[in-house]
Amino acid sequence: MLATLCLMLSAPADLEQTFQTYLNEEFKLHPTYATAMGNHDYDDQMDDLSNEFHEKQVERLKSTIARVEAMDSQQWNAATRIDHKIWLHSLKQRLWQHEHDNRFVNDPRVYIEYASGSVYTLLTQSTLPRERNVANAAKRIGFVPNIIEAAKANLRNPAKILTEVAIAQTSGAIAFYEKDIYAISGELAATSELRKPCEAAVAALKEYQRFLKEDLLSKSNGEWRLGRKKFAEKLELELQAGLSADEVLQEAESEAARVERELYVIAKQLWFKQFPNAPLPADDAAGRRRVVAEVLAKIGEDRSTPETLLADTKKTVDGIRTFIRDRQIITLPEPDRCEIIEMPEFQRGYSVAYMNNAPPLDPNARSFYAVSPPLPQWSKEVGDALLKEYNHKMLQILTIHEAYPGHYVQIEYANRNPSLVRKVLADGTFIEGWAVYTEQMMLDQGYGNGDLALRTQQLKFYLRAVLNAILDHKMHCTGMTDDEAKELLMVRGFQTEGEALGKIQRAKQQSGQLSTYFVGRTAFYRVRQKIQRERGDKFDLGKFHEAVLSHGSVPVVYLPELVK
């Protein structure tokens, strides 16, 4: 099969056909990747997670890169040449990851993703008949003991934070196979074909948790910081924005100062409504921070309870969709396949919300906008802080970002793009940047009728995205301590301690990704400003948005070339 692939890559074949051949081999070698992409040919199988297999994949990547580089692109049109660059970049990024930050050796969390995430996706987002999905899941679950054995053989010296998180995630995976899977699949535990493989999976996962606690944790002395050189290399590969790591930091520092000033101006206008008998604090750094902090705290008092969070989130959707249609912000997808759900308990504790879009090769599958109430074991104080942070105003910004016209709408458009390369190799900076761009854009177009409290939440949410990029850089390049990071997020970003601690943990676990929000949003903003200045009164916002999204989730470096 590999020989055939190499032959096709060296021939002047159509890029789409060549990529399809490559992708077919990828799916065969990586069944869980196939499922995630919406290909269901291998739903009953599991990846080979042995170290020997991954060493072979490095050689395969190098060989494929050489042949893709050698393809003659002169005969192609501009769009196809961009697809060729996207594919080649993806291969090089994967190779860099294997050689410099191998998750299968350094990250015990990855095995939990294979053990539970690959089965959850199969049961919730496949459009195959339920009975077949259950049968495929039963077979895939049967591989969980093999996954755990591979983990124990492969893992060497991870960072302590990664092992600690893996221990917590394993508890969630155990709960998934003990109870949640039956509710999700619609099966009865006593009679389901899932029962025996689930019991074996639980036993294997409990052994994995024992291994993590008793064997690996004491050996987890690895360094989570990438260091300046590796971070700069990884960030440029991650962002594909034509910016260096230092340039991203410089732009983020400047933008953070601008947003802080804007947030103070608006908070000052709310002060006398919220505190009519209190004089405005002094106009110095401490006074300005106090004004913003106290205004935000007052807004946070109007919040959901754990019992009403899901219903309150659903209420935001109707008004937002109506506004988008009435103002012709963008044509919304029809039919609407987005379901707003309460996040399954085994997935909680890491984020308050996520959007899980339909896979690109199974676009008729359901998409899920999931929100998480506080965990039952949290104290009332911690739970109240979360709900205050995601108050009724902030919930609207969150829904704009995650669903309408953010992630859900954007991925629905991307799934319509005819390019297989762009469907499968979606760019994270484009995806996150679009979602952040829509937050300000919606309010600028009149959503909320000029509600200043709503605007403060939008600015706070955006400031978080900007500070993410600063945190990302300084945690990995400058030796920033946890206390310094907390000050950045809590003092400059007005975040709760729980929110700040969670973001610090995330920065340690996921280098590069935190910068995508700010860099992507900036790319969209600049392209729009350029086109709007050129078109003047003829500029049509809705058509601009549809033109931007029509190209798929492309690297933002290509936006000026594609959108004119």
Side-chain angles (χ1 to χ4, degrees), residues 27-50 53-54 103-104 107-155 165-212 341 343-348 350 356 359 362 365-366 368 370:
F27 288 163
K28 184 178 180 180
L29 291 169
H30 306 285
T32 60
Y33 174 62
T35 300
M37 290 295 103
N39 177 294
H40 300 296
D41 294 343
Y42 308 101
D43 281 355
D44 60 346
Q45 299 176 36
M46 177 54 67
D47 301 42
D48 182 347
L49 298 179
S50 68
F53 174 80
H54 289 293
R103 294 189 69 201
F104 295 96
D107 190 349
R109 301 172 305 163
V110 71
Y111 298 97
I112 299 302
E113 294 172 16
Y114 280 97
S116 59
S118 65
V119 174
Y120 177 75
T121 299
L122 196 161
L123 290 172
T124 56
Q125 290 194 293
S126 169
T127 55
L128 296 178
R130 188 188 75 86
E131 294 76 12
R132 185 172 170 190
N133 287 330
V134 170
N136 286 336
K139 291 180 181 178
R140 181 168 281 180
I141 296 164
F143 290 99
V144 172
N146 302 62
I147 296 170
I148 301 311
E149 288 306 308
K152 292 166 68 176
N154 295 345
L155 290 166
V165 171
I167 290 169
Q169 289 180 337
T170 304
S171 294
I174 291 169
F176 172 66
Y177 283 121
E178 285 181 331
K179 58 176 183 176
D180 294 330
I181 192 169
Y182 299 108
I184 291 167
S185 65
E187 292 282 291
L188 294 174
T191 58
S192 175
E193 61 185 299
L194 297 172
R195 183 173 62 85
K196 286 188 177 180
C198 282
E199 289 174 350
V202 168
L205 287 163
K206 287 182 176 178
E207 165 56 22
Y208 187 47
Q209 195 167 55
R210 183 212 62 77
F211 164 76
L212 294 173
I341 65 169
M343 194 181 296
E345 192 168 334
F346 80 96
Q347 293 182 323
R348 296 182 197 172
Y350 307 101
N356 195 1
D362 193 3
R366 295 178 294 175
F368 297 104

So do the side chains of [X] and [Y] get within less than 4.5 Å of each other, counting heavy atoms only?
X    : Y    : value
T127 : R366 : no
L205 : Q209 : no
T35  : S126 : no
S116 : Q169 : no
V134 : E193 : yes
L29  : F53  : yes
Y111 : L155 : yes

Once salt bridge (Lys or Arg N to Asp or Glu O under 4.0 Å) is applied, do any residues pair with K206, and if so which ones, sequence neighbours excluded?
E178

With side chain to side chain contact (heavy atoms under 4.5 Å, CB included) as the criterion, how do I147 and Y208 come out once you've worked through the C-alpha distance, each side chain's angles and the decisive distance to 0.1 Å?
CA-CA 10 Å; I147 296 170; Y208 187 47; over 6 Å; no

Working to the nearest 0.5 angstrom, can you tell me the gap between [X] [atom1] and [Y] [atom2]?
X    : Y    : atom1 : atom2 : value
Y33  : D47  : OH    : CG    : 11.5 Å
F27  : T32  : CZ    : OG1   : 11.0 Å
I184 : L194 : CD1   : CG    : 11.0 Å
L128 : N133 : CG    : CG    : 5.0 Å
L122 : H40  : CG    : NE2   : 7.5 Å

Tell me, please, which residues at least two apart from F368 pass ring-ring contact (aromatic ring centres under 6.0 Å, His included).
none

Side-chain ion pair, R130 and E187, N-O less than 4.0 Å:
yes

Any salt bridge linking R210 with E207? Criterion: basic side-chain nitrogen under 4.0 Å from a carboxylate oxygen.
yes

Would Y120 and D180 satisfy side chain to side chain contact (heavy atoms under 4.5 Å, CB included), going step by step from the backbone distance to the final call?
CA-CA 10 Å; Y120 177 75; D180 294 330; over 6 Å; no

Taking all heavy atoms of [X] and all of [Y], pick out the closest pair and write down the distance.
X    : Y    : result
A166 : I112 : O-CG1, 4.5 Å
P197 : I141 : O-CG2, 3.4 Å
D48  : H54  : O-NE2, 3.9 Å
V119 : A137 : CG1-CB, 4.2 Å
Y182 : L188 : CD2-C, 4.3 Å

Per the salt bridge (charged side-chain N to carboxylate O under 4.0 Å, His left out) rule, what does the pair list look like for residues 107-125, sequence neighbours excluded?
R103-D107, R103-E113, D107-R109

Measure from the ring center of H30 to the ring center of Y114 and say whether it is less than 6.0 Å.
no

Tell me whether R140 contacts the main-chain N or O of D44 through its side chain, where contact means a donor paired with an acceptor under 3.5 Å.
no

